[in-house]
Amino acid sequence: MALSVKYDPSQVEDKWYSYWLKHKLFHSEPDEREPYTIVIPPPNVTGVLHMGHMMNNTLQDVLVRRARMMGKNACWVPGTDHASIATEAKVVAKLKAEGINKSDITREEFLRHAWEWREKHGGIILEQLKKLGASCDWDRTKFTMDPALSKAVINTFVYFYKKGYIYRGVRMVNWDPEGLTAVSDEEVIHKETDSKFYYLRYKIVGPTRTPDGKDYIIIATTRPETIMADAAVCIHPEDTRYDYLRGQKVVIPLINKEIPIIEDDYVTMDFGTGCLKVTPAHDINDYAIGLRHKLPVLDIIDEHGHLNAKAQILIGEDRFVARKKIVKMLEEAQLLEKTEDYKSQVGYSERTNAVIEPRLSMQWFLKMEDLSKEALRVVEDDEVQLIPDKFKNTYRHWMENVHDWCISRQLWWGQQIPAYYLPDGEYVVEASKEEALAAAQKINPSLKAEDLIQDEDVLDTWFSSWLWPISVFDPDKPGFPDREPNRDLAYYYPTNDLITAPEILFFWVARMIMAGDEFCHKIPFSHVYLTGIVRDKQGRKMSKQLGNSPDPIKLMQEYGADGVRLGMLLCTSAGNDILFDESQVEQGRNFSNKIWNAYRLIQGWNVDGQLESRAEDKIAVEWFAAKLNRTLESVNDLFDKFRISDALMLIYKFFWDDFCAWYLEIIKPAFVNGVQSSIDKVTYDKTISFFDSLLKILHPFMPFITEELWHNIEERKEGETIMLEQMQKPQPYSAELIHSFDIAQQAVVSVRALRQSKNISPKEPLALQVKAAGYPQSITPIIEKMANISDVQVIDSFDKVSAGQSFMVETIEFYVPLDGKIDVGEEVEKIKAEIARYEGFLKSVSAKLSNDKFVKNAPAQVVDTERKKMSDATTKIENLQKRLEMLS
RNA sequence: GGGAGCUUAGCUCAGCUGGUUUAGAGCAUCUGCCUUACAAGCAGAGGGUCACAGGUUCGAAUCCUGUAGCUCCCACCA
């Protein structure tokens, strides 16, 4: 069968993916082997594959495929996250486009639409992962809102409630007026925003006047639209400038409401005017001051961010419109002293980008204090290893300053909080309505089911994702620390490695550790590999708005999934951002093609069983075997350190340079008089076995092309796959052998460079002389073949020759006679320059060695190396000088 | 404002507890080649005061201090 000149991924990829699926090769069941488990960071069910997913999932697939080939029972559990805010927003938008308002339909109707939407669009991202070659156990696909997983969430809530960790309280929360929900501190992004500082006049009640005789004080604010909710004006207790104000009252501009002057050292004296308006309902700090001073709380902004009736003026206006209008009103009333430009940090909602409004509302919280202690310890003690470990600092900082977790969200899409209100406002928390009724009846026996009203809110999405490594295996476990784990959980948990993004280290990773510790008494994974953010060439984050993210599916169509995987991996070091550029993917495609053509070369050979191996073939085989073992060893080491891209680069060079450029070029049968000669069977079989080893090493990175070629090199039975082949274990090898081959390579490169500089065709055979001292004679056939040398003469000393060129490899001297092809003057200059270079080097080395302190203080080994350097350099200089004499 | 990290070739990055020739790789560049596997290729070459300034040391890209620039995280200065 003739193979095409270029590798065509489209002919191969779908074929093998369906083959893997058909034979259930990704599926795992507990058995006697050691498990290797990864749970996918569940992408949003609404999501579409982007470059970040590509990166993240390629890494996971590499680890899983490699574990499988290392003899482990590998299981990669896929699934999606219900992503309450993001999904609800999409469904709301879709309904709106159909003319339906969320507020006009019931919760049940809305959820029906949402589920319908999920059925239709929910699987897209998982289907896209298949194109990438992801070897997930699709039979285990989970969704965070699967009934069983939702049950786990409810049980967890009930468990922590009964443990006393969950409480309900009025809190100042970050309110998203567009999403109409509270969001956690972590979902608020502070951005420097241009705003204005307004200096307002608050009239003093009574006869008191300022030292310069004015009847008003000046207060600076960025939010003039909230003055109607002011409860006091605050000065610092030690601020003598305002002594006259103590115990006085001032009047809120426009609405003429009297409020007291209070004193609190929260106020910074040298900021603004030193007078702070206190608005407990609309500022987190003011709320705290209000609590200290028992100030009334007046909430004048509604859930949409509009002023309500309590504001008295500008009722119904949006907060930003109101700001503009009130400034105008203040100006007209001559109550605006001045305006300054000001840059301040404003909080924005991560999901909707709306300006966050601090708002008092009733929310559910989970106490974090106790949970976070153990989660911090396991990371400190490296029971969970963060890769790279620089994230330990950030992690510690967060865990030491952890706030209680606001777990309620004012949405419908998600797990509804299992709190049931009694008519009198009391509530019970139970896993089901039946249990809730029973509990309620203990309080009031006359209650009926219809008297109970369930809390409207749902739980934060992370409140389900933090159970993920447990609930995908045993959804009955969360909430029941003492219950026996089921078979899957007992076998697969704890998982091994988690691959995720640093930005969700706290949202997700820390909390999974907490849940794992609480319910399984074991931490859920031992390594957390944190990937960087995929950015474009200019370093900008890839985003839909910028349109700078390539479509991964198109990329895979153009360059092949293997090519894209390689392109991503080549530039990935843990924790560093990835500057993505299509040229990297091109490199990946080119490499696929190289592998393809290497195979084309081998499979085109005629094998002759009678033929003896040539000398160079034998050396090449021995050398490559040694190099293979060394590579296997290094690759193992790099994987242990999670240096995936280094491992890949090593393999890349091993294949391209060592295998193709050297090994294959050496053993390649000659082409004589238009006829391809044959290869001996021993060398051929060895070559096939090397190629087989290479395919296996490459398979975790490039699953498709390696499967294709693995089926080409031998007839395979239906269901057989390279995926389940065992990775070779490195054997001891001769470093000496590799070293002498290295000398041959350097000699060859020198001769080739000489040809290039002297314009001598590679086809023209040359002679080569080498001095016996230090020359490993076994490499002669390699040099002859690869440098096109007619005859390597090993001699004791060079004759005086008229013209030729010499070079050294280490301290071994080589000489190429080049009668009439060389300019003696030029050669002399060259040698002189080289002598000068070595002399400079010698000088620096001898400076070191003549320094007593160095000889005394440096370790003996280092001194020895320096001595060796000196003697080598001296030898080289001597050799060069002799050459010089011969030439003159 | 606090904390962490980064700055090495045109680009992306290695360089682990200071000593392995006068700093490496891949890509890109340049030169010569369409040589019966591959021009998505082959052969060869060039390219760096290791951000800057001090210090410690026999010895610094590597350790310390400061400066500049960049990035990220945290934070309520109205």
Side-chain angles (χ1 to χ4, degrees), chain A residues 3 5-7 185 190 197 219-223 234 266-268 271-273 275-279 283-288 342 344-345 347 358 388 390-394 397-398 401 502-503 505-506 533 537 539 559 563 570-573 575-581 583-584 586-587 589-605 641 643 645-646 649-650 652-653 660-661 664-665 668 671 674 676 749 752-757 759 761-763 837-838 840-842 844-845 847-848 851-859 861-863 865-866 868-870 872-873:
Chain A
L3 296 172
V5 176
K6 289 200 172 15
Y7 170 60
D185 290 347
H190 288 93
F197 225 179
I219 288 166
T221 180
T222 54
R223 299 203 60 189
C234 190
Y266 165 75
V267 178
T268 313
F271 188 82
T273 60
C275 289
L276 168 71
K277 72 185 202 69
V278 181
T279 319
D283 184 282
I284 291 178
N285 305 296
D286 291 11
Y287 179 67
Y342 181 68
S344 65
Q345 295 292 316
K390 66 176 177 184
F391 286 107
K392 247 169 114 167
N393 290 330
T394 338
H397 188 258
W398 191 77
N401 299 287
E503 61 250 42
L505 191 54
F506 314 123
I533 298 167
K537 249 210 140 168
Y559 296 98
L570 277 172
C571 57
T572 315
S573 58
N576 288 341
D577 286 356
I578 292 108
L579 270 69
F580 180 82
D581 188 69
S583 69
Q584 290 152 357
E586 210 175 296
Q587 194 184 347
R589 177 202 58 181
N590 294 355
F591 187 48
S592 306
N593 199 45
K594 187 71 187 176
I595 298 170
W596 182 257
N597 275 292
Y599 178 67
R600 278 184 64 221
L601 173 67
I602 298 169
Q603 62 100 56
W605 288 335
K641 294 176 183 149
R643 304 186 61 139
S645 77
D646 288 350
M649 184 47 74
L650 188 78
Y652 176 91
K653 286 191 279 185
C660 295
L664 289 181
E665 289 299 332
K668 191 157 124 182
F671 209 79
Q676 171 84 65
V749 169
R752 285 173 178 170
L754 184 148
R755 285 178 187 277
Q756 172 110 351
S757 69
N759 245 320
S761 160
K763 288 175 188 158
R837 193 168 69 90
Y838 283 120
F841 175 66
L842 192 61
S844 81
V845 178
K848 260 190 197 177
N851 183 335
D852 278 350
K853 287 185 178 169
F854 170 72
V855 180
K856 237 186 278 168
N857 295 335
Q861 195 200 335
V862 173
V863 179
T865 325
E866 293 303 312
K868 171 98 166 60
K869 282 188 207 168
M870 184 156 86
D872 282 3

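Letters A, B, ... mirror the listed sequences (proteins, then strands); counts begin at 1.
- In this structure, A:L3 atom CG and B:rA37 atom P are separated by 14 Å, rounded to whole Å.
- In this structure, CG of A:N851 is placed 13 Å from C1' of B:rG19, rounded to the nearest angstrom.
- Here A:E586 lies out of heavy-atom contact (under 4.0 Å) with every strand.
- Remark on RNA chain B: of its neighbouring residues A:A598 and A:N590, the 5'-side contact belongs to A:A598, judged by nearest-heavy-atom nucleotide.
- Look at A:K641 and you won't find any side-chain N or O under 4.0 angstrom from OP1 or OP2 of B:rC16.
- Checking B:rA78, B:rG44, B:rG5 against the side-chain heavy atoms of A:K390 singles out B:rG5 as nearest.
- By the 30° and 60° cut-offs, the orientation of the rings of A:Y652 relative to A:F591 is tilted.
- Under the salt bridge (Lys or Arg N to Asp or Glu O under 4.0 Å) criterion, A:D283 pairs with no residue, sequence neighbours left out.
- Consecutive pairing runs in RNA chain B reach the stem threshold at B:1-7 with B:68-74, B:10-13 with B:24-27, B:29-33 with B:41-45, B:51-55 with B:63-67, where a stem means at least three Watson-Crick or G-U wobble pairs with distances under 3.5 Å.
- Taking only side-chain atoms of A:N593, from C-beta outward, the nucleotide of B:rA45, B:rA37, B:rC38 with the closest atom is B:rC38.
- Each of A:Q861 and A:N857 lies near RNA chain B, and the nucleotide nearest A:Q861 is the one positioned closer to the 5' end.
- Taking atom NZ on A:K392 and atom C1' on B:rG3, their separation rounds to 17 Å, with Å as the unit.
- OP1 or OP2 of B:rC42 sits under 4.0 Å from a side-chain N or O of A:K594.
- The CG atom of A:L842 sits 7.0 Å away from atom CE of A:M870, with the distance rounded to the nearest 0.5 Å.
- To the nearest whole angstrom, the two C1' atoms, one in B:rA51 and one in B:rC6, are 11 Å apart.
- Between the CZ atom of A:R755 and the C1' atom of B:rG44 there is a distance of 12 Å, rounded to whole Å.
- The distance between atom CZ of A:F391 and atom P of B:rU71, rounded to the nearest whole Å, is 16 Å.
- Here B:rC58 is the nucleotide among B:rC58, B:rA78, B:rA37 with the atom lying nearest to any side-chain atom of A:F854.
- Proximity note for A:T221 (side chain, C-beta onward) versus B:rA14, B:rA78, B:rG32: the nearest is B:rA78.
- Here A:A753 lies in heavy-atom contact (under 4.0 Å) with sugar-phosphate atoms only.
- Nearest approach of A:F854 to A:E866, heavy atoms of both residues: CZ-CG, 3.6 Å.
- To the nearest whole angstrom, the two P atoms, one in B:rG66 and one in B:rG5, are 13 Å apart.
- We find that NZ of A:K763 is positioned 17 Å from P of B:rG32, with the value rounded to whole Å.
- Residue-level contact check: A:Q584 touches neither bases nor backbone, having no heavy atom under 4.0 Å from any strand.
- What separates CG of A:L754 from P of B:rA45 is a distance of 11 Å, to the nearest Å.
- Note that the CZ atom of A:R589 and the OH atom of A:Y7 stand 12.5 Å from one another [nearest 0.5 Å].
- Comparing the P positions of B:rA45 and B:rA25 gives a spacing of 12 Å, expressed to the nearest Å.
- In terms of the side chain to side chain donor-acceptor pair (under 3.5 Å) criterion, A:N590 has no residue partners (sequence neighbours excluded).
- Within the nucleic acid shown, A:P859 comes within 4.0 Å of at least one base atom, counting heavy atoms only.
- Remark: A:V267 pairs with A:C234, A:H236, A:L276 by the side chain to side chain contact (heavy atoms under 4.5 Å, CB included) rule, at least two apart or across chains.
- How far CG of A:N857 is from CG of A:N851: 8.5 Å, rounded to the nearest 0.5 Å.
- The residue A:V749 sits close only to the backbone: its heavy atoms come under 4.0 Å of sugar-phosphate atoms, none of a base.
- Side-chain nitrogen and oxygen atoms of A:R752 include at least one within less than 4.0 Å of the OP1 or OP2 phosphate oxygen of B:rG44.
- The separation of B:rG69 from B:rU8, taken at their C1' atoms, amounts to 16 Å, rounded to a whole angstrom.
- As rounded to whole Å, 14 Å separates atom C1' of B:rG1 from atom CG of A:N285.
- With C1' as the reference atom, B:rG3 and B:rG19 are 35 Å apart, rounded to whole Å.
- Under the side chain to side chain contact (heavy atoms under 4.5 Å, CB included) criterion, A:T273 pairs with A:Y199, A:I218, A:Y242, A:C275, not counting sequence neighbours.
- Among the protein residues, A:C234 comes within range of no part of the nucleic acid, since none of its heavy atoms lies under 4.0 Å from any strand.
- Considering only the side chain of A:R589, B:rA40 comes nearest among B:rA40, B:rU20, B:rC38.
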Return the polar atom pairs (N/O with N/O) between nucleotides 23-26 of chain B and the protein under 3.5 Å, or none.
| unit_1 | atom_1 | unit_2 | atom_2 | d |
| --- | --- | --- | --- | --- |
| B:rA25 | O2' | A:K653 | NZ | 3.0 |
| B:rG26 | O2' | A:Q587 | NE2 | 2.6 |

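- Rounded to a whole angstrom, the distance from the C1' atom of B:rG48 to that of B:rU12 is 15 Å.
- Across B:rA60 and B:rG18, the matching P atoms stand 13 Å from one another, rounded to whole Å.
- Taking atom P in both B:rU67 and B:rA28, one finds a spacing of 41 Å when rounded to whole Å.
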